[in-house]
S.K.: 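Following this message is one structure expressed as structure tokens.
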Amino acid sequence: MIKELQEQVHTLIEKALEDIKQASSSQELQDLRVNYTGKKGELTKISKKMKDLDKEEKPQLGQFINQFHTKFNEAFDLKQKQIAQEELQAQLAKETIDVTLPGRIQSQGVRHILTQTREELEDLFLGMGYQIIEGPEVELDTYNFERMNLPRNHPARDMQDTFYISEEVLLRTHTSPVQARTLEQHNFEKDGPLKMVSPGKVFRRDTDDATHSHQFHQMEGLVVAPRITLADLKGTLLQFAKAFFGEEREIRLRPSFFSFTEPSVEVDVSCFKCGGEGCSICKQTGWIEVLGAGIVHPNVLEMSGVDAERYSGFAFGVGIDRVAMLKYNIDDIRHFYQNDLRFLNQFKGGQN
Ligand code: PHE
């Protein structure tokens with residue numbers, strides 16, 4: 001009986017060593033250990049027969065079993081190391097990074113050129129001590145027209161037809177109503193002189209073409225203090241023209257009409273393309289019209305509760321779209337509103 005069992009263990013060793021040699025993954029190797037030495041393993045089956053042996057035979061089988069363990073473990077450990085090494089190599093090979101692949105390009109957005117232009121204008125006037133005030137785009141007829149010295153049925157209203165929400169409520173045709181809204185809030189005794197700009201959207205019932213859009217942008221300017229004159233207006237606008245269009249620029253004022261200013265002027269800037277010689281941009285005149293302005297009409301001050309005997313002021317209205325078109329040589333106002341990336345992406349220069 002003992003001989004037979006020893007023979008079995010011997011064969012089992014041979015078989016186990018061969019199996020270990022053939023194993024190709026750490027999982028397979030673990031399975032072998034269970035199959036041979038686990039609770040229901042082959043070796044365990046043989047060991048269970050130990051109890052049927054004679055007293056002196058038991059250690060003889062024990063020796064063989066120990067031998068099995070030694071040889072098994074030795075081969076097992078060796079193979080385990082080898083497989084771990086192979087598996088690591090395989091994983092490394094699988095995870096290699098191809099550093100020659102081109103990177104993924106992150107496309108970077110750009111603020112809309114009208115926003116950039118508005119901010120440039122704001123910065124410019126902030127630097128001259130102005131405050132920025134916003135007003136509603138949906139406005140009352142009272143502020144948009146009446147308080148701007150344009151009574152109902154006044155013929156000059158025709159120049160600014162708009163979209164009506166109701167008889168009394170409309171989309172503002174200009175940023176000028178913010179003048180009235182600000183004046184009635186401002187406490188001259190307490191706050192001192194008023195210097196403000198107000199940028200924003202305006203609307204008109206225009207037929208859209210290269211230079212007209214039913215929606216566009218303006219920036220209103222208003223300065224009210226004792227003894228403000230046309231000279232203050234001219235000095236301010238000259239500074240604006242130089243800062244925005246270039247140091248070489250000059251301005252000229254031409255008489256005009258607005259119901260809310262008296263006298264009223266159109267302001268031209270000397271052509272920044274030809275410097276005044278005459279070219280296609282300035283239509284051979286050497287000058288480009290950029291804004292409307294004037295001395296605040298006493299009626300506008302009085303209607304907002306400001307004493308026109310003590311205070312005077314100037315106001316101006318710049319077309320933000322218009323000055324952006326001039327500065328960046330944009331030939332059609334509709335480009336601003338069509339969200340064509342080929343257009344918008346051209347204005348990355350001024351960003352910081
Ligand atoms: N509100 C005028 C317009 O839209 C511009 C303007 C503003 C003129 C302020 C004079 C003073 O045409």
Side-chain angles (χ1 to χ4, degrees), residues 118 121 125 130 132-137 139-151 154-163 170-183 194-206 211-224 228-237 240-241 251-269 288-301 303-304 306 308 311-326 333:
R118 171 174 56 75
L121 292 169
F125 282 95
Y130 286 64
I132 298 168
I133 293 181
E134 286 189 40
E137 291 163 8
E139 186 53 284
L140 297 172
D141 183 285
T142 321
Y143 285 108
N144 195 79
F145 290 130
E146 285 182 50
R147 293 278 290 276
M148 288 294 106
N149 206 25
L150 264 171
H154 192 289
R157 281 193 176 201
D158 281 357
M159 282 163 33
Q160 299 190 3
D161 196 8
T162 184
F163 303 90
L170 45 78
L171 299 187
R172 67 179 179 186
T173 58
H174 50 179
T175 42
S176 298
V178 189
Q179 287 188 33
R181 287 183 173 275
T182 311
L183 283 172
L194 170 67
K195 290 172 89 177
M196 70 90 164
V197 286
S198 183
K201 292 192 183 74
V202 299
F203 309 83
R204 287 189 198 177
R205 205 207 60 83
D206 274 339
T211 52
H212 295 84
S213 167
H214 60 278
Q215 180 197 305
F216 56 105
H217 300 79
Q218 288 189 334
M219 192 180 74
E220 196 76 8
L222 175 68
V223 172
V224 177
I228 291 290
T229 70
L230 205 62
D232 299 309
L233 172 66
K234 195 171 178 186
T236 303
L237 293 179
F240 151 72
I251 60 168
R252 81 176 177 187
L253 310 186
R254 283 179 293 113
S256 184
F257 170 79
F258 298 103
S259 60
F260 36 91
T261 46
E262 181 58 36
S264 301
V265 292
E266 298 287 348
V267 181
D268 297 344
V269 174
I288 299 173
E289 185 186 317
V290 292
L291 55 90
I295 292 296
V296 180
H297 197 292
N299 287 356
V300 171
L301 295 176
M303 278 188 282
S304 293
V306 180
Y311 294 94
S312 58
F314 67 73
F316 58 88
V318 194
I320 298 179
D321 306 62
R322 175 154 176 80
V323 294
M325 285 172 79
L326 289 170
I333 193 171

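Numbers here simply count residues along the sequence, with the first being 1. Atoms within a ligand are numbered from 1 in the order they appear, just like the ligands themselves.
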S.K.: At a 4.0 Å threshold, what atoms of ligand 1 neighbour a non-hydrogen atom of Q160?
M.R.: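 By the 4.0 Å cutoff, the relevant atoms are 3 (C), 4 (O), 12 (O).
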S.K.: Looking only at distances, please establish whether an N/O atom of ligand 1 is found under 3.5 Å from an N/O atom of S176.
M.R.: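 So ligand 1 has an N or O lying under 3.5 Å from an N or O of S176.
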S.K.: Would the distance check show the side chain of S198 and the main-chain N or O of I133 forming a donor-acceptor pair, the cut-off being under 3.5 Å?
M.R.: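 Pair found, side chain donor or acceptor close to backbone of I133.
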S.K.: Do D161 side-chain atoms and D158 backbone N/O form a donor-acceptor pair below 3.5 Å?
M.R.: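 Looks like no, no N/O pair under 3.5 Å.
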S.K.: What is the nearest protein non-hydrogen atom to atom 2 (C) of ligand 1, stated with its residue, atom name and distance?
M.R.: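 Atom 2 (C) of ligand 1 sits closest to the protein heavy atom F260 CZ, 3.7 Å.
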S.K.: With heavy-atom distances below 4.5 Å as the criterion, would you say the side chains of T236 and F125 are in contact?
M.R.: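 Side-chain contact under 4.5 Å: yes.
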S.K.: Do we see a donor-acceptor contact under 3.5 Å between the side chains of N144 and T173?
M.R.: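 Indeed, the side chains of N144 and T173 share at least one donor-acceptor pair under 3.5 Å.
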S.K.: Distance to 0.1 Å, residue and atom name: give those for the protein heavy atom nearest to atom 7 (C) of ligand 1.
M.R.: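 Here the closest protein heavy atom is G317 N, 3.3 Å.
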S.K.: Check whether any N or O atom of Q218, backbone or side chain, sits under 3.5 Å from an N or O atom of ligand 1, and answer yes or no.
M.R.: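 Such a contact does occur with ligand 1.
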S.K.: With a cut-off of 4.0 Å, which atoms of ligand 1 are near a heavy atom of A293?
M.R.: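 Result: 8 (C), 10 (C), 11 (C).
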S.K.: Going by the side-chain contact (heavy atoms from CB on, under 4.5 Å) test, name the single residue among R181, R147, Q179 that passes it with S304.
M.R.: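 The single option meeting the side-chain contact (heavy atoms from CB on, under 4.5 Å) with S304 is R147.
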S.K.: Examine H174 against ligand 1 and note whether any of their N/O atoms are separated by less than 3.5 Å.
M.R.: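 Between H174 and ligand 1 (N or O atoms, distance only) the closest approach is under 3.5 Å.
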S.K.: Which ligand 1 atoms does F316 reach within 4.0 Å, using its non-hydrogen atoms?
M.R.: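 Atoms satisfying the 4.0 Å criterion: 7 (C), 9 (C), 11 (C).
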S.K.: Do E220 and ligand 1 have an N or O pair less than 3.5 Å apart?
M.R.: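 N/O-N/O distance under 3.5 Å: no.
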S.K.: Say you draw a straight line from CD of E134 to OG1 of T175; how long is it, rounded to the nearest 0.5 Å?
M.R.: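 Rounded to the nearest 0.5 Å, the CD-OG1 separation comes out at 11.5 Å.
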S.K.: If we set the cut-off at 4.0 Å for heavy atoms, which region of R204 has an atom near ligand 1: side chain, backbone, both, or neither?
M.R.: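 Near ligand 1, R204 shows its side chain, while the N, CA, C and O stay back.
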S.K.: Can you tell me if R322 uses its side chain to pair, donor with acceptor, with the backbone of E289 under 3.5 Å?
M.R.: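 At least one qualifying donor-acceptor pair exists.
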